[in-house]
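As structure tokens, the structure follows; a few thoughts come after it.
Just so it is clear, the model here is predicted, and its values are computed rather than measured. Within every chain, numbering begins at 1; the chains are lettered A, B, ... in the order of the sequence lines, protein sequences first and strands thereafter.
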2 protein chains.
Amino acid sequence: MSEQTQLLTNDTDDALRLDKQVCFALYAASNLLTGLYRPLLAELGLTFPQYLVMLVLWEKSPQSVGSLGQQLYLDSGTLTPLLKRMESAGLVKRQRDASDERRVLVELTEQGDSLRASAHQVANTLASGPLLPMTEAEALRDGARKLIGVLTSEQKAEE
Amino acid sequence: MSEQTQLLTNDTDDALRLDKQVCFALYAASNLLTGLYRPLLAELGLTFPQYLVMLVLWEKSPQSVGSLGQQLYLDSGTLTPLLKRMESAGLVKRQRDASDERRVLVELTEQGDSLRASAHQVANTLASGPLLPMTEAEALRDGARKLIGVLTSEQKAEE
DNA sequence: CTATTTTATATTGCGCGCAATTTAATTTGA
DNA sequence: TCAAATTAAATTGCGCGCAATATAAAATAG
């Protein structure tokens with residue numbers, strides 16, 4: 001494939017190499033893919049994680065901060081400031097849940113809801129020139145999902 | 001699979017469905033995997049991206065900042081402060097290349113080199129309870145690599 | 001040989017991502 | 001009932017990750 005796979009010394013530390021292969025591949029692929037979305041989402045005034053929040057809210061709104069965090073595997077330390085920025089951008093409204101004052105409900109504004117059409121364009125633009133053949137894209141997605149499943153169930157087991 | 005695949009409205013915008021998005025699966029898998037490494041690497045005094053730099057340097061040292069960046073898909077805005085932290089931790093030495101004063105060569109210190117043994121332990125610990133069956137791990141790795149290849153070659157084509 | 005352009009790294013600024021802690025509301029239990 | 005435990009979100013602090021810019025050295029052009 002690429003040159004860096006040749007940068008190997010002839011020692012026996014296969015464990016380090018293999019380790020590098022899987023974890024680095026995921027890390028780099030994720031960063032690069034985010035970079036592909038960045039200019040497209042910038043036109044909508046969104047960052048990539050903000051886009052993920054919008055995807056979740058377009059499916060159901062309002063939702064609590066915790067609910068968003070569960071679906072995206074993010075905590076309030078990440079979401080609270082992110083949602084505040086989205087609120088000042090006019091995309092969402094944040095308000096305490098009257099029936100449980102600990103919760104904060106995040107709701108799409110009309111502007112946030114209407115952005116859905118533009119986002120649809122972005123998704124279609126990316127899909128129109130598919131990066132990977134469908135079968136490979138599905139294999140990658142399923143592999144990543146399987147890893148997510150393992151990593152999140154291990155967390156539960158530790159409790 | 002998981003519950004969030006049920007959080008779908010019955011609209012026809014398949015393109016926007018979170019659970020079909022390769023980008024979210026990669027994003028979440030990468031974040032979660034980094035989280036798995038975090039406590040293990042913390043014992044070595046390393047963050048995950050610092051660990052990646054060490055993996056590259058253990059293969060060859062010294063290397064320029066640009067060379068590290070090419071292999072890890074990171075720029076000087078990320079690497080310069082990261083390498084400074086690694087230098088103050090005593091893991092690497094940074095010095096201008098005498099034959100080309102624009103370059104900075106990053107070299108493992110003795111301490112940095114000796115950390116390799118401990119890192120080997122970390123990699124073996126993770127490998128001993130394999131997260132995914134080997135074939136699935138390889139499929140995930142190969143899919144990610146293929147995507148990396150596409151995304152980096154597209155960047156070249158834009159120039 | 002000098003002016004221009006290119007290359008390599010550093011700096012600045014902003015938005016995550018998460019550990020650790022804090023604040024406040026709800027639940028639990030003696 | 002009311003103190004202790006639990007839960008939800010916010011806050012603080014730090015390390016990325018990258019765009020934009022700055023600085024300086026080397027390569028190139030005329």
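Each of B/Met86, B/Gln63, B/Lys60, B/Met54 was checked for a side-chain contact (heavy atoms from CB on, under 4.5 Å) with B/Leu108, and the lone residue meeting it is B/Met54.
In this model, the phosphate group of D/dA26 is not approached by any side-chain N or O of B/Arg103 to a distance below 4.0 Å at OP1 or OP2. Between B/Arg96 and C/dT9 there is no side-chain polar atom (N or O) within less than 4.0 angstrom of OP1 or OP2. Between B/Lys84 and C/dT11 there is a side-chain N or O to OP1 or OP2 distance below 4.0 Å. Look at B/Thr80 and you'll find a side-chain N or O under 4.0 angstrom from OP1 or OP2 of C/dA10. Look at B/Tyr27 and you won't find any side-chain N or O under 4.0 angstrom from OP1 or OP2 of C/dC16. Neither OP1 nor OP2 of C/dT7 sits under 4.0 Å from any side-chain N or O of B/Arg102.
If you find the closest nucleotide of DNA chain D to A/Gly35 and to B/Gln50, the one lying nearer the 5' end belongs to B/Gln50. Nearer to the 5' terminus of DNA chain D, by closest-nucleotide assignment, is the contact made by B/Phe48 (compared with the other of B/Ala98 and B/Phe48).
Put simply, CE on B/Met54 is 13 Å from P on D/dC16, counting in whole angstrom units. Residue A/Arg38 contributes atom CZ, which lies 12 Å from atom C1' of C/dC14 at whole-angstrom precision. Atom CZ of A/Phe24 is separated from atom C1' of D/dC16 by 15 Å (rounded to the nearest Å). Rounded to a whole Å, the CD atom of A/Glu101 is 12 Å from the P atom of D/dA10. Residue B/Leu83 contributes atom CG, which lies 14 Å from atom P of D/dG15 at whole-angstrom precision. Between the P atom of C/dT12 and the CG atom of B/Leu79 lies a distance of 18 Å, rounded to the nearest Å. Taking atom CZ of B/Arg94 as the reference point, atom C1' of C/dT11 lies 12 Å away to the nearest angstrom. Atom CG of B/Asp97 is separated from atom P of D/dA26 by 9 Å (rounded to the nearest Å).
When heavy atoms are screened at a 4.0 angstrom cut-off, B/Leu74 is found touching the sugar-phosphate backbone but no base atom. As judged by a 4.0 angstrom heavy-atom cut-off over every strand, A/Gly77 is placed among the base-contacting residues. Among the atoms of the strands shown, only primed sugar atoms or phosphate atoms (P, OP1, OP2) are found under 4.0 Å from some heavy atom of A/Ser64. Nucleic acid contact class of B/Asn31 (heavy atoms, under 4.0 Å, all strands): sugar-phosphate only. B/Asp100 comes within 4.0 angstrom of the backbone, heavy atoms only, and of no base. Among the protein residues, B/Ser76 comes within range of the nucleic acid bases, having at least one heavy atom under 4.0 Å from a base atom.
Within the 3.5 Å criterion, the main-chain N or O of A/Arg116 finds no donor-acceptor partner in the side chain of A/Asp113. Remark: the backbone N or O of B/Gln111 is paired with a side-chain donor or acceptor of B/Ser114 at under 3.5 angstrom.
In this pair, A/Tyr37 and A/Tyr51 present their aromatic rings tilted. The plane angle is within the 30 to 60° band.
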Item to check | Residue pair A/Val53, A/Val56: steps toward the side chain to side chain contact (heavy atoms under 4.5 Å, CB included) verdict | outcome: CA-CA 5 Å; A/Val53 168; A/Val56 173; 5.8 Å; no

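Listed nucleotides C/dT26, C/dA19, D/dC16 differ in distance to A/Asp75; the shortest reach to its side chain belongs to C/dA19. Distance from the side chain of B/Val65 is smallest for C/dA10 among the nucleotides D/dG15, C/dG17, C/dA10.
Taking 4.5 Å as the limit, every side-chain heavy atom of A/Asp97 sits out of range of all side-chain heavy atoms of A/Ser64.
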